[in-house]
Amino acid sequence: MAPSPVQLKKLARARMERTGESYTTARKAILDGRPERPSARPVPAGQAASGGRKGNGGGRPVVAAPAAPEPQDLPEYPAPGDVTQYDAGLWQRVLTQAGVTDPSTGEPFSEAMLAGLAGGIGFMVFVFEYEQTTTASVVTRAHPEPYTENLLARCGAAVREQKTGSARLAAQYLDEGLDAGRAVVVRVSRAALPWVHGGIADADEPVDVAVLGEHDDGDLLIDDGSGGLQLISPEDLSAVRGQRKAGKNWQAWIPASTGPDVQTLSANVLAAIGETTGRLLGTRELDGIPAHFAKNFGVAGLRTWAGRLLDTTTAAGWTRIFSAPGRLAHGLEMVALFLTDGRYGGPGGLRGLYADFLDEAAALPGLAALGECSAAYRGLAERWDALAELVDPDVDPELRSSHFADIAHAATRIADAEEAAARRLADVLAGLENSSSPRG
């Protein structure tokens, strides 16, 4: 028997205390019957996967941490752990293992720098009504630009990207990277992974995971960002890679430790910031997005969302859209997960991570002025955390209008602060670009 709403809330709060999970994650895990520990035990620092290929096996979670490998097999792959942004964190580990470094520090790229280069932050809201349910997507990550592709292009590393319709060639390409002693990132359908149970993910939602090498029994070790490693057979991995029509059997790996020079990195930082501020302020065209959808993005999107939350009478208002209790609970659960899950959002709406990026970028030659903008984004991180705390999937349906109003007022305050921060950052960027332009 499922727990009552009151019991569920108590169970979720207690689980949060024990596990450190967010309320929404804990609540969903209880409903799905998931254990409190990840299905894969975290790999202790200094341990990773051994190289080579042989045999096969069934896809299943790792039940014990693998033994430390020989240094020549897969050296320097950091132990998976908690990160703020999933994709930036995954590639931070992959680039670190390959020996790619930030030219300004000589140290591995940080998650913050990679996230900023990928496009950093943004906002998008969309609601879709289906026969059985209503979905609500609230994205605080850079969007709709290709996040991972921008990260790889701007980090300056030598990247070997491959895509094929042939499962045989896909396995051959994967072997090539693993035999070179590198982690290989592959793109799969998230819901098709053997260890994923339930959740709100669309069946076709793509996710990138890193293949680290082979375990003792022939299964492949996978870093899926959960804080531990998973095991999957080569056959099962081939199946989940081949299920996606777009980007079928895509993979990427880093064949050499080559990185950018300081000048290239600085230029890429400025390009990324220009994209971010343009997206937030609506001053640049959104790739692949029709003009009439622009109101759902950036600061304008935040104001659109607030308006629809406050609308209690029209068909476009959330009070009408989410009038059915089941649709209301599912829609708010999606919002909460989007804000906190680390894929399309994360702690502080990823604004704290962006502040770290600006501070790191300010250490690059000639870019010190960027540091003047980080405090505003740290303040925004607090506002986003407060908004995420407001979202309650268990709200009484009769009280939904007032609940939506509370979220709307928080969103409006965020929109004002986002606009001010983005305008200030755009002004600093313009000054930096002008100072670096050749003078006649």
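When reading the values below, keep in mind they use all heavy atoms of this one structure, side chains included, and skip hydrogens, waters and symmetry mates.
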> Which side chain to side chain donor-acceptor pair (under 3.5 Å) pairs, counting each pair once, include a residue from residues 396-406, with sequence neighbours left out?
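Side chain to side chain donor-acceptor pair (under 3.5 Å) check on residues 396-406 returns Thr319-Ser401.
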> Any donor-acceptor pair under 3.5 Å linking the side chain of Thr340 with the backbone of Ala336?
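Answer holds: yes.
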> Compute whether any side-chain donor of one residue and acceptor of the other, for Glu161 and Trp250, lie under 3.5 angstrom apart.
yes
> Which residue pairs satisfy the salt bridge (charged side-chain N to carboxylate O under 4.0 Å, His left out) criterion with at least one member in residues 114-139, sequence neighbours excluded?
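Checked against salt bridge (charged side-chain N to carboxylate O under 4.0 Å, His left out) - neighbours excluded - no pair reaches residues 114-139.
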> Which residues satisfy the ring pair (Phe, Tyr, Trp, His ring centres under 6.0 Å) test with Phe128, sequence neighbours excluded?
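Here the qualifying residues are Phe126.
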> Identify, with sequence neighbours excluded, every residue that meets salt bridge (charged side-chain N to carboxylate O under 4.0 Å, His left out) alongside Arg413.
none
> Looking at Asn268 and Arg154, would you say the former's side chain and the latter's main chain have a donor-acceptor pair under 3.5 Å?
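Looks like yes, one N/O pair under 3.5 Å.
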> List for me each residue that meets ring pair (Phe, Tyr, Trp, His ring centres under 6.0 Å) alongside Tyr354, sequence neighbours excluded, and say none if there are none.
Phe357, Tyr377
> I'd like to know if the side chain of Tyr147 reaches the main chain of Tyr344, judged simply by a donor and an acceptor atom lying under 3.5 Å from each other, with no hydrogens or angles considered.
no
> Going by the rule side-chain contact (heavy atoms from CB on, under 4.5 Å), which residues pair with Pro146 if we only count those two or more places apart in sequence or in a different chain?
Glu149, Asn150
> Answer yes or no: is there a donor N or O on one side and an acceptor on the other, between the side chain of Ser238 and the main chain of Pro234, under 3.5 Å?
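Side chain of Ser238 to backbone of Pro234: no pair is present.
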> Please test Ser137 against Val125 for side-chain contact (heavy atoms from CB on, under 4.5 Å), starting from the C-alpha separation and ending with a verdict.
CA-CA 5 Å; Ser137 302; Val125 60; over 6 Å; no
> May I ask you to decide if Leu364's main-chain N or O and Ser266's side chain share a donor-acceptor pair within less than 3.5 Å?
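A pair under 3.5 Å: no.
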> If the condition is side-chain contact (heavy atoms from CB on, under 4.5 Å), which residues does Ala426 pass it with, not counting sequence neighbours?
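With sequence neighbours excluded, Ala426 shows a side-chain contact (heavy atoms from CB on, under 4.5 Å) to Thr277, Leu281, given in chain and number order.
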> Once side-chain contact (heavy atoms from CB on, under 4.5 Å) is applied, do any residues pair with Arg320, and if so which ones, sequence neighbours excluded?
Ala315
> Is a donor from one side chain sitting under 3.5 angstrom from an acceptor on the other, for Gln92 and Ser110?
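Checked: Gln92/Ser110 side chains show no N/O donor-acceptor pair below 3.5 Å.
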> Is any side-chain heavy atom of Val139 closer than 4.5 Å to one of Phe338?
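They are in contact (side-chain heavy atoms under 4.5 Å apart), so the answer is yes.
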> Just jot down the side-chain hydrogen bond (donor to acceptor under 3.5 Å, both in side chains) partners of Glu418, sequence neighbours excluded, or say none.
Arg351, Trp384
> Is the side chain of Ser189 donor-acceptor paired with the backbone N or O of Ala191 at a distance under 3.5 Å, no angle test?
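Side chain of Ser189 to backbone of Ala191: no pair is present.
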> Among all residues two or more places apart in sequence or in another chain, which pass the side-chain hydrogen bond (donor to acceptor under 3.5 Å, both in side chains) test with Asp385?
none
> Is the side chain of Asn249 donor-acceptor paired with the backbone N or O of Thr164 at a distance under 3.5 Å, no angle test?
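Judged by distance alone, yes, a pair lies under 3.5 Å.
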> Keeping the roles fixed (side chain from Asn434, backbone from Ala430), state whether a donor-acceptor pair exists under 3.5 Å.
yes
> May I have all residue pairs that pass salt bridge (charged side-chain N to carboxylate O under 4.0 Å, His left out) and include part of residues 134-146, sequence neighbours excluded?
Asp87-Arg141, Glu145-Arg279
> Do the side chains of Arg423 and Glu419 get close enough for a salt bridge, i.e. N-O under 4.0 angstrom?
yes
> Is a side-chain donor-acceptor pair under 3.5 Å present for Asn296 with Thr304?
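No, because no side-chain N or O of Thr304 sits under 3.5 Å from a partner of the opposite role on Asn296.
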> Search all heavy atoms of Ala112 against all heavy atoms of Asp356 and return the closest pair with its distance.
CB-CB, 3.7 Å
> Tell me which pairs pass salt bridge (charged side-chain N to carboxylate O under 4.0 Å, His left out) where either residue lies in residues 283-302, with sequence neighbours left out.
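As it turns out, there is no salt bridge (charged side-chain N to carboxylate O under 4.0 Å, His left out) pair with a partner in residues 283-302 once direct neighbours are skipped.
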> Under 3.5 Å, is there a donor-acceptor pair between the side chain of Arg327 and the main chain of Phe322?
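Such a contact is absent between Arg327 side chain and Phe322 backbone.
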> Only one of Arg187, Arg241, Arg343 forms a salt bridge (charged side-chain N to carboxylate O under 4.0 Å, His left out) with Asp208, so which one is it?
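Filter result, single survivor: Arg187.
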> For the backbone of Tyr173 and the side chain of Gln251, can you confirm whether one donor and one acceptor N or O come within less than 3.5 Å of each other?
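Yes.
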